[in-house]
Asker: 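This is the structure I want to talk about, given as structure tokens.
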Amino acid sequence: MTAGELAALGLSPAALADLKAAVPALHRWYRAHARDLPWRRTRNPYAVWISEAMLQQTRVAAVVPYFERWMALFPTVRALAEADEIAVLRAWEGLGYYARARNLHRAAREVAARFGGRVPEQHEDFRALPGVGPYTAAAVLSLAFGRDLAVVDGNVRRVLARLTALASDPRRRPQATALEGLARELLPAGTAALHNQAVMELGATLCSPRSPGCPDCPLQGPCRAAASGSPEQYPLRTPRNAVPHYRVSLGLVFRNGRIFIDRRPSHGLLGGLWEFPGGKVEEGENPEEALHRELREEFGLRVEPEGALPQVRHAYSHFRVTLYPHLCRFLDMDPGRCAEGEREWLWVDPADLPRYPMPRANRKVLEHLARG
């Protein structure tokens, strides 16, 4: 570590030496207490890559069934590369952050075309793939190939911030840079796969955000937050802004026994997923007025609402929505009146809807519909 990084963390060389001396105890703890997770039973770089993509912003318990199903559907890079996007998004449906799935699909096609279907071992090559950032590159190359690269995710950042009793937001610089330097300094050469998993496991299990299990922690001795008596106060976090809430009106439009769905643009939130048409309820509108306006503007659709389904509330990472679904009878359609350019849409048999990847909130609407 540089002198500047030590200063940013308030660490003396002696304190750093104490932290490094405790690392073997961390490794012993991990060998004894590591959870049995399917991606830990292999060094297959493709499987490791998939697991790391799924684990970003998602709980381990939620990822396990998705990982196992994904590997059954797309067991190799080539299998993923040859799949169509609908199948890929359907397999990902419910995990959220769908850009991860689209990037994996694009990256698999690049790996198949440029590297013969083998995940590239060189950092420069792997880092250049779609969706691969510094964290993913360090995780996959260290866990699958043993490269001496330190991984810094949210759990690792919390562990390091507590070890140093960091009194500022660890996501802000220069502290963020200093924590990355500390992560590299604590990584013994040749132990990257073991060490990175050990630190991440500690953060995911014992060193939890609200109730850290300090008495059982192998790093309790040199940990400054534990010594303070209030480890849960670290790290300091900048208060978040209020989470926005949107009201959205949806139309379940039926014509001759078929239902209308449209596909979101491939970029952006929920990109590439299919959904029921509709949009935000603007100031001064009621949900039915918004429904008529949105369907007319987006698709030139005219409908007759025939009843409302129960409201659906759903939380995304940065906002919440309340959906107002309406059962609608089709009147007519003039796509030439669409104000938002060409959109992909279909009339489908309701029984076929499970084939189409959809946002979880739309699936909740369908659950209400099925209950009648």
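Only this structure's heavy atoms are used, side chains among them; waters, hydrogens and symmetry mates stay out.
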Asker: How would you list all residue pairs meeting ring pair (Phe, Tyr, Trp, His ring centres under 6.0 Å) that involve residues 170-205, not counting sequence neighbours?
Answerer: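 Pairs touching residues 170-205 that pass the test: H27-H195.
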Asker: Under 3.5 Å, which donor-acceptor pairs link side chains of residues 178-185 to any protein atom two or more places apart or in another chain?
Answerer:
residue : atom : partner : partner atom : Å
E185    : OE1  : M1      : N            : 2.7
E185    : OE2  : K20     : NZ           : 3.0

Asker: With a 4.0 Å cut-off on N to O distance, would you call E232 and R210 a salt bridge?
Answerer: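 Salt bridge absent between E232 and R210.
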Asker: Suppose we screen for salt bridge (charged side-chain N to carboxylate O under 4.0 Å, His left out). Which residues come up paired with R320, at least two apart in sequence or across chains?
Answerer: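 Here no residue qualifies.
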Asker: If the condition is salt bridge (charged side-chain N to carboxylate O under 4.0 Å, His left out), which residues does R118 pass it with, not counting sequence neighbours?
Answerer: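 Not a single residue meets the salt bridge (charged side-chain N to carboxylate O under 4.0 Å, His left out) criterion with R118.
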Asker: Scan residues 225-262 for pairs that pass ring pair (Phe, Tyr, Trp, His ring centres under 6.0 Å), counting only residues two or more places apart or in two chains.
Answerer: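 Passing the test, one end in residues 225-262: Y246-F319, F260-F299, F260-W345, F260-W347.
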Asker: Tell me which pairs pass ring pair (Phe, Tyr, Trp, His ring centres under 6.0 Å) where either residue lies in residues 54-83, with sequence neighbours left out.
Answerer: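 Found W39-F67, W70-F74, W70-W92.
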Asker: Could you go through V132 and W49, starting from their C-alpha distance and side-chain angles, then the distance that decides it, and tell me whether this counts as side chain to side chain contact (heavy atoms under 4.5 Å, CB included)?
Answerer: CA-CA 10 Å; V132 175; W49 183 12; 4.2 Å; yes
Asker: Would you be so kind as to tabulate the donor-acceptor pairs closer than 3.5 Å made by side chains of residues 149-157, with sequence neighbours excluded?
Answerer:
residue : atom : partner : partner atom : Å
D153    : OD1  : N155    : N            : 3.2
D153    : OD1  : V156    : N            : 2.8
N155    : OD1  : R158    : NH2          : 2.6

Asker: Only pairs at least two apart or in different chains count here, so list each salt bridge (Lys or Arg N to Asp or Glu O under 4.0 Å) that has a residue in residues 57-71.
Answerer: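 Output for this query is empty, none listed.
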Asker: Who passes salt bridge (charged side-chain N to carboxylate O under 4.0 Å, His left out) against R255, sequence neighbours left out?
Answerer: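 Testing R255 for salt bridge (charged side-chain N to carboxylate O under 4.0 Å, His left out), a comparison that skips the adjacent residues, returns none.
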Asker: Can you name the residues that form a salt bridge (charged side-chain N to carboxylate O under 4.0 Å, His left out) with D148, not counting sequence neighbours?
Answerer: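 Not a single residue meets the salt bridge (charged side-chain N to carboxylate O under 4.0 Å, His left out) criterion with D148.
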Asker: Tell me which pairs pass side-chain hydrogen bond (donor to acceptor under 3.5 Å, both in side chains) where either residue lies in residues 348-361, with sequence neighbours left out.
Answerer: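 Listed by first then second residue: R360-E367.
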Asker: Are E289 and S249 close enough, and set up right, to give a side-chain hydrogen bond (donor to acceptor under 3.5 Å, both in side chains), and what steps lead you there?
Answerer: CA-CA 9 Å; E289 291 169 339; S249 193; over 6 Å; no
Asker: Ring pair (Phe, Tyr, Trp, His ring centres under 6.0 Å): which pairs involve residues 142-181, sequence neighbours left out?
Answerer: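 Sorted result for residues 142-181: empty, none.
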Asker: Tell me whether D36 is salt-bridged to R41, with the criterion being a basic N under 4.0 Å from an acidic carboxylate O.
Answerer: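 Yes, D36 and R41 are salt-bridged.
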